[in-house]
Amino acid sequence: MDYQFKDIEERWQKFWASNKTFKTNTTSEKPKYYVLDMFPYPSGAGLHVGHPLGYIASDIFARYKRLKGFNVLHPMGYDSFGLPAEQYAIQTGQHPAITTESNINTYRKQLDRIGFSFDWDREVRTSDAGYYKWTQWIFMQLFNSWYNIDADKAEPISTLIEKFSTSGTLNVNAVSDDDTIDFQPSDWANYSETQKQEILLKYRLTYLKESTVNWCAALGTVLANDEVKDGFSERGGHPVEQKKMMQWSMRITAYADRLLQGLDTVDWPDPVKEMQKNWIGKSVGASVRFKLNENDALSSELSSQQIEVFTTRIDTIYGVSFLVLAPEHELVSKITTPAQKADVENYIEQTKKKSELDRMADTKSTSGAFTGSYAINPLNGELVPIWIADYVLAGYGTGAVMGVPSGDQRDWLFATKFNLPIQQISDAQVDLNIQADPTKEGKYINSGIINGMDYSAAVATLNQWIEENNVGKAKVNFRMRDAIFGRQRYWGEPIPVYFNDGLPYLIDEEELPLLLPEVDKYLPTETGEPPLARAKDWSYSANKYSYELSTMPGWAGSSWYWFRYMDADNNQAFASKEAIDYWKNVDLYIGGSEHATGHLLYSRFWNKFLKDLGYTQEEEPFKKLINQGMIQGRSNFVYRVADANGKPTNTYVSHGLKAQYNCTAIHVDVNMVVNDQLNIQQFRNWREEFKTAEFILEDGKYICGVEVEKMSKSKYNVVNPDDLIERYGADTLRMYEMFLGPLEQSKPWNTNGIEGVFKFLRKFWKLFHDNEFNFVVSNHEPTKAELKALHKIIKKVQDDIERFSFNTSVSSFMIAVNELTDLKCNKRAILKDLVVILSPYAPHICEELWVLLGEEAGKLSYAQFPMFNPEYLVEDSFSYPVSINGKMRLNLNLSLNLDAKEVESIVLADENVQKYLEGAIPKKVIFVKGRIINIVI
RNA sequence: GCUCAGAUGGUGGAACUGGUAGACACGCAGGACUUAAAAUCCUGUGCCCUCAACAGGCGUGCGGGUUCGAUUCCCGCUCUGAGUACCA
């Protein structure tokens with residue numbers, strides 16, 4: 001019997017499932033290793049060939065680690081709350097839970113066919129009540145915590161209340177959205193319950209606040225910053241506008257510095273670290289207050305107002321020649337003089353008209369308007385005009401900047417356009433008539449107290465001065481905002497909060513989970529309330545209080561799920577202490593880079609928070625991260641010829657000849673195309689309209705055009721893994737996905753080469769079988785050549801897997817099996833090791849051969865990865881080409897002492913060369929891996 | 001604009017710390033087996049000159065440099081992809 005992959009794979013998948021071969025125990029003498037995949041959202045379309053790429057890689061690594069003697073945790077689950085199921089529910093009325101369940105079943109079937117070694121007993125689903133009970137529980141912990149800056153960690157809110165009642169705000173150094181709070185312990189005692197709760201809400205790590213949010217009308221919900229791309233929603237591409245709303249937020253900004261510092265401790269791809277760094281956007285500088293100058297047009301009350309600016313270049317403050325406010329800045333209307341009123345209002349009007357996109361596209365032109373007012377530079381008392389311009393953003397820093405044309409190119413352009421002075425403040429030789437000098441070189445001139453200083457001295461001096469004179473202070477600013485947490489949607493975790501007197505309170509912990517109620521429709525109510533408002537008899541404490549109606553965002557459930565896998569069925573805790581102490585954190589995490597500023601950042605935040613409260617041990621959740629590349633679709637086209645009148649005919653011209661015709665490209669299903677050659681019969685049967693299709697061929701073939709696009713149904717370029725498994729088997733699919741190229745690289749899918757991998761597996765199978773397909777192995781001692789072939793592959797595969805270069809190890813397998821086939825090697829000792837080495841890649845065929853070799857079924861996964869012995873790889877002949885002075889390449893017979901790394905004598909094979917070298921003394925002999933490569937004379 | 005990644009045959013890609021560039025696979029061409037096809041096996045395959053062989057020349061986006069030796073290191077440029085965007 002030939003290699004019967006279907007039979008083999010079905011049999012072993014059944015065996016693994018019923019014997020729970022990959023069940024992992026938490027207590028083990030072995031060292032632990034945690035291999036995690038980013039769990040999928042179970043969409044209705046099922047898996048295409050790109051999805052399992054990362055899963056195959058992680059499965060290979062998990063299996064390899066088991067062979068290396070580790071206790072490996074390798075689980076899988078579903079991120080099953082989310083928008084598509086809800087959108088589908090709105091259209092069809094079907095409960096999202098039903099859609100989700102059926103999608104999960106499809107996913108599971110598809111995953112099972114690939115032969116992963118997941119421990120399915122640990123499966124999690126974020127939409128299960130048993131799971132989201134703990135998502136809600138973590139929310140409650142966040143609500144009940146504040147961030148103590150002195151301790152640099154989160155603490156229970158009770159310690160804050162303690163401080164308030166003993167010493168008021170005096171000893172409180174906390175992250176809060178209001179740094180003006182100031183009271184005595186006696187005040188605290190006299191505050192009403194409502195007042196107390198209002199104050200505490202400003203410190204809680206999850207809090208309710210009126211804030212500007214990204215509102216997506218089409219989706220009927222708010223979105224987080226990372227869910228908005230260029231002014232449109234990431235899912236669906238609907239327009240997003242800014243809107244003020246009462247919203248739940250997560251105080252992730254409290255962790256900004258730790259999130260930044262932690263990046264230095266993890267083994268992650270640089271681009272992802274870079275993205276997170278930019279997203280957090282730390283900038284060190286100073287905040288300075290400019291007093292307004294008294295002015296006839298302004299009331300004296302206003303002249304006591306100040307404009308606060310944030311700058312990273314306090315050292316250039318003597319060069320300030322104007323201030324700029326964002327058009328939305330609250331002071332704009334107050335400080336605009338009557339003479340300038342029309343100008344300013346006109347400018348604000350223009351700014352409003354510009355859409356978000358226009359504003360981003362138009363970064364070149366400089367625009368602005370003068371308010372007519374002046375501020376006073378606190379350092380030199382000079383008057384500086386106050387302008388407004390849309391290059392200053394209301395949402396960043398203080399919404400106001402100081403303009404220094406000599407030190408900042410944008411300020412320089414602004415000054416040049418509006419004829420504002422450009423003051424030189426550095427002795428660096430730069431012509432300020434041409435451009436600004438943003439460098440920090442040179443000594444300061446025309447700069448009062450910092451004249452003659454260099455950059456760092458100037459910054460230190462000025463920071464001290466502004467603090468002493470109470471006009472500002474050194475400050476660190478972050479670009480990152482707190483994360484909006486509420487969503488006006490149905491299919492998400494209910495927020496475990498009820499309202500009393502307009503203030504939020506947590507429900508009793510005993511009442512978790514707060515179940516998602518049933519509703520008649522999944523749309524907002526007529527009055528614009530979220531869908532949960534439709535729930536009947538859904539309120540807290542015997543109808544006394546109403547529940548929070550928004551639900552949690554998609555990222556809530558995925559921000560802690562790796563802990564749940566450690567102890568998936570626990571009903572008393574999100575995971576037991578023993579399980580967390582043993583598994584600690586994820587050693588290897590594989591997933592797409594699209595989660596760089598979303599999931600990966602939120603997960604690190606929650607991980608740090610849970611650590612602060614003492615529930616977990618590790619500061620970082622994912623030690624090593626690998627981003628698998630995206631698999632793109634490779635679309636094929638046929639070219640329909642139009643007749644003289646431009647009317648389409650039913651004739652199609654091959655790609656190479658299309659220039660001679662007037663034709664249009666039509667997507668054709670890639671599954672009817674092999675090596676870009678169209679299967680004409682299949683095409684005719686594809687659709688009724690093609691039944692009578694005629695073809696203009698080249699060399700008797702119809703060649704299709706090719707384009708790389710996103711893989712999608714509408715482009716007919718989706719390749720389904722099930723079809724390939726049907727034809728070639730799961731082992732071939734697994735190996736081929738790895739063979740395709742480096743894991744991290746994005747690439748278009750191309751099925752063309754899969755035959756090569758399939759042929760390899762057949763060849764491998766045949767090594768163990770004679771021509772009549774009988775299983776035959778010999779018990780003879782292996783020869784040196786056979787051992788060499790074996791140990792070469794042991795070393796190669798081990799090195800390749802350790803550095804996640806799976807594509808090259810597949811190639812090495814092919815070489816090894818070719819060598820052993822040439823040697824007609826069917827020796828048990830060699831083949832047994834070969835099966836072990838190959839099993840992470842092609843587990844089914846290896847399991848089959850393992851048993852045929854007389855070993856116990858199911859034990860292959862825990863066999864020992866063979867030890868590499870370098871002795872087998874030593875060269876025994878020293879006749880090979882060597883170059884002289886890196887130039888000519890000659891065959892030499894050498895006699896040398898390898899230990900001494902010196903040539904004892906050189907015997908030249910060629911007389912001519914001997915002549916050439918006569919009398920020359922080798923200056924240097926270059927060895928590489930014990931071989932002479934080059935002789936320098 | 002900024003940041004990062006990349007550019008190697010007809011194609012996907014190898015070459016791990018500089019050391020015989022093009023492994024391995026696809027495709028293509030030729031051959032064996034077959035009535036035939038499929039499957040399988042064998043041979044060839046970077047480009048140029050050459051009937052062919054020997055030999056030679058050119059070759060890792062482009063231009064320089066370091067080195068006995070550069071796909072690999074350095075400088076400058078071109079192009080492609082990704083991220084980000086007036087962040088003060």
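Convention: sequence-line order gives letters A, B, ...; per-chain numbering from 1. Keep in mind that this is a model prediction, so the values were computed, not measured.
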Applying a 4.0 Å non-hydrogen cut-off, can you work out what A/D408 is touching in the nucleic acid: base, sugar-phosphate, or nothing?
nothing
Under the ring-ring contact (aromatic ring centres under 6.0 Å, His included) test, residues paired with A/F804 that sit two or more places apart:
A/F61
Can you name the nearest heavy-atom pair linking [X] to [Y], along with the distance?
X      : Y      : value
A/V266 : A/K273 : O-NZ, 3.0 Å
A/N627 : A/P269 : OD1-CG, 3.3 Å
A/P421 : A/S321 : O-OG, 2.9 Å
A/P742 : A/N807 : N-ND2, 3.6 Å
A/I845 : A/D731 : N-OD2, 2.8 Å

Assigned chi class of B/G9 under the 90° convention is syn
Does OP1 or OP2 of [N] have a side-chain N or O of [X] closer than 4.0 Å?
X      : N     : result
A/S283 : B/A88 : yes
A/Y396 : B/A88 : yes
A/R762 : B/U40 : yes

Whole angstrom is fine here: how far is it from [atom1] in [X] over to [atom2] in [N]?
X      : N     : atom1 : atom2 : result
A/K792 : B/C24 : NZ    : C1'   : 13 Å
A/D822 : B/C41 : CG    : C1'   : 12 Å
A/E744 : B/G81 : CD    : P     : 21 Å
A/M814 : B/C26 : CE    : P     : 8 Å
A/I815 : B/A25 : CD1   : C1'   : 11 Å
A/D390 : B/C87 : CG    : C1'   : 15 Å
A/I793 : B/A23 : CD1   : C1'   : 13 Å
A/N818 : B/C41 : CG    : C1'   : 12 Å

What's the gap between [N] and [M] when it is taken at their [atom1] atoms, as a whole Å value?
N     : M     : atom1 : value
B/G6  : B/C74 : P     : 12 Å
B/G61 : B/U78 : C1'   : 8 Å
B/G22 : B/G46 : P     : 10 Å
B/A25 : B/C77 : P     : 42 Å
B/U80 : B/U67 : C1'   : 31 Å
B/U45 : B/C24 : C1'   : 15 Å
B/A70 : B/U20 : C1'   : 14 Å
B/C33 : B/C42 : P     : 16 Å

Could you check A/I307, A/V392, A/T398 and say which one makes a side chain to side chain contact (heavy atoms under 4.5 Å, CB included) with A/L325?
A/I307
Scan nucleotides 10-15 of chain B nucleotide by nucleotide, 5' to 3', and note B when protein non-hydrogen atoms come under 4.0 Å of the base, S if they reach only the sugar-phosphate, - if neither.
--BSSS
So which nucleotide from B/A88, B/U3, B/C24 ends up closest to the side chain of A/E274?
B/U3
Among B/A88, B/A23, B/C87, find the nucleotide with the atom closest to the side chain of A/R479.
B/C87
Does any donor atom in the side chain of A/Y728 or A/E755 lie under 3.5 Å from an acceptor atom in the other side chain?
yes
With a 3.5 Å cut-off and no angle check, do the side chains of A/S635 and A/E709 form a donor-acceptor pair?
yes
Parallel, tilted or perpendicular: which describes the rings of A/Y3 and A/W765, with under 30° parallel and over 60° perpendicular?
tilted
Parallel, tilted or perpendicular for A/F760 and A/F813, by the 30°/60° rule?
parallel
Reading RNA chain B 5' to 3', how would its secondary structure be written in dot-bracket notation, given Watson-Crick and G-U pairs with both distances under 3.5 Å, brackets [ ] for crossing pairs and | for partners on other strands?
(((((((..(((......[....)))((((((.......))))))(((.......)))..(((((..]....))))))))))))....
Suppose we screen for side chain to side chain contact (heavy atoms under 4.5 Å, CB included). Which residues come up paired with A/T312, at least two apart in sequence or across chains?
A/S283, A/F310
Of A/M275 and A/R313, whose nearest nucleotide on RNA chain B comes first from the 5' end?
A/M275
Relative to the 5' end of RNA chain B, which residue comes earlier, A/T398 or A/K763, by the nucleotide with the nearest heavy atom?
A/K763
Among residues two or more places apart or on two chains, list those pairs meeting side chain to side chain donor-acceptor pair (under 3.5 Å) that have a residue in residues 736-745 of chain A.
none
What are the residues of residues 751-761 of chain A, sorted by number, that bring a heavy atom to within less than 4.0 Å of RNA chain B?
A/N752, A/G753, A/G756, A/K759
A/H655 side chain reached by A/V706 side chain, heavy atoms, under 4.5 Å:
no
